[in-house]
Amino acid sequence: MSEHAKLPDPAPSPKLAAGKVECNACPVLCQISEGRSGACDRYANVGGVLTRVDPVVLFAKVAGESGEVTRFLGEDEWSGELLPDAPVFVSGVGSGTTYPDYKPAPFIVASRHAGVDMVTVVTEGIFSYCSFKVKIDTDRYIGPECAPVRNKDEVVGHVTTMEYGSQMLSLGGVHHLTGGSKREGRVTCDLMQDLGNKQPVELEIEGGAHLVVQADRPPVINGVEERRMRVGCGSATVGIFARQWYGHVDEVIVVDDHITGVLSEHQAGRGLDMRRGGIRIHGRKSTPGRYFQVANPGSGWGGTDITDPLTIIKAIDPEEAWPGERVLMVSTTGEDYAYFVLDENLRLTPAEIPAPVKKVVDRIGENCEPALCTVLFLAGAGGSLRAGVTENPIALTRSIKDLLVNVTCGGAPAYVWPGGGIMVMADVGRMPDNAFGWVPTPAIVAPIEFTMRLEDYRALGGHMERVRTMDDVLKGERVKVVGWDAANPWPIG
Ligand code: SF4
């Protein structure tokens, strides 16, 4: 039994009108009429009782005929019945929130794994400090680093660094949720909820592109759906395919906004003892065969603004070039290419691309992965939310750092950042659909689960008096059973 006194129910507002119930699941304290829901649509007044509108989502692992764990894609494909002994995991989706956080989390559920007693503490956290990090696979220029990103004319984030084949955005965050106008906070919150729920969102980058971004879908940049993520930078592309071009072509220039590669000058060409081609290109030479800034950034070849590759040619050196020299120009995705042969006057003359050269161009395309938007949820769970887990919050933080506690978000594995606090990051693509909500404070509502050995939970000062069995949950709660995504590791174990 608990050593604490039984907590009194919060006193409703003295101004509460007859027939209404007060929701105390967040600081807004909605007063809800019979048959209506509160501002966030998560809680409703059902017959005078405050009720979480959605059922809590349980994941079930089920073996198919082959004995393999199968993936169920949606509730339509699921009978809702649990097989005996089927492993079940209670997720935070639909679990409800216990505000203010001195109250234990809504679900603290015991289970047994490999003869060990386990427990999972489950809640829907209200996160003011959270954001989404979006990776957009594209070479195309979407805007300058640090540029504001807008949705519905409000700034909701900014462009961060260009990474290898991808442009990164940071969207949401406490600054936009709380630090600007009321409208900025509301627009930011709506956008974050949509992103987390795998819906498409429209973004306008100052000085850059118009984007449509959706988790695990190709980005749409200025109305054009991106198809390929580049094989590598221009220099890497030269290095990868140098041997396959050798003997079929005399010079290859891989056009890239960042590092354009020139095969015969490049270390790869030198290693193959290739004759120097003598074709000089614009830009700043970094090292042999590697050039920066050959053009401006844009939506053309290799993320530059060029559509005619000859515009990056500065000169042809008659000391090195020769009539009949075979030259390929190609982009980092292989989508754009042109083949030339130098004529008697050392002019680049378009010619039909030979089959062996075209085969390597096609191989560049074959080595490109599909371009996607990847959306990661980043949230700070190191605040008062911890009190729903334990009466000694620092013990939870330490236990997570000591790897005694497995943190998941809607069942998706969460990466916990090193250093202070409990900064978790999870791929929304691995979470169930519609796992995110919001409250008008404004803040984002997201599922989070902490799974550990029961003994460890006791040791960190857990709310042992609130530990329930799975049977108790199944009998006493409205639940929705969905199949486990076999791509995720099972959290209990
Ligand atoms: S916004 Fe939602 S959680 Fe907050 S008080 Fe209103 S109904 Fe309850």
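We count ligands from 1, going down the list as the structure has it; atoms in each ligand are counted the same way. When reading the values below, keep in mind they use all heavy atoms of this one structure, side chains included, and skip hydrogens, waters and symmetry mates.
A salt bridge links Glu124 with Arg52: the distance from a Lys NZ or Arg NE/NH1/NH2 to an Asp or Glu carboxylate oxygen falls below 4.0 Å.
No close placement of the Tyr457 and Phe450 rings is indicated, their centers lying 6.0 Å or farther apart.
With respect to atom 4 (Fe) of ligand 1, the closest heavy atom belonging to the protein is Cys26 SG, 2.3 Å. Nearest protein neighbour of atom 6 (Fe) of ligand 1, counting heavy atoms only, is Cys30 SG, 2.3 Å. Closest to atom 2 (Fe) of ligand 1, if we only count protein heavy atoms, is Cys40 SG, 2.3 Å.
At least one N, O or S atom of Cys23 sits under 2.8 Å from atom 8 (Fe) of ligand 1.
Looking at Thr332 and Asp139, their side chains do bring a donor and an acceptor atom within 3.5 Å of each other. Counting only N and O atoms by type, the side chains of Arg36 and Asn45 include no donor and acceptor under 3.5 Å apart. Looking only at atom types and distance, the side chain of Glu202 has a donor-acceptor partner in the side chain of His210 under 3.5 Å away.
Neither the backbone nor the side chain of Asn24 has a heavy atom within less than 4.0 Å of ligand 1. With a 4.0 Å cut-off on non-hydrogen atoms, Pro440 touches ligand 1 through its side chain and not its backbone.
The closest donor-acceptor contact from the side chain of Thr390 to the backbone of Ala387 lies at 3.5 Å or more, if one exists at all.
Residue contact check: Gly38 has heavy atoms under 4.0 Å from atoms 7 (S) of ligand 1. Atoms of ligand 1 lying under 4.0 Å from at least one heavy atom of Arg42, given by number and element, are 3 (S). When each atom of ligand 1 is checked for a heavy atom of Leu29 under 4.0 Å away, the hits are 5 (S).
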Might you work through the ring pair (Phe, Tyr, Trp, His ring centres under 6.0 Å) test for Phe127 and Phe436, ending with a clear yes or no? CA-CA 11 Å; Phe127 296 100; Phe436 287 83; 8.8 Å; no
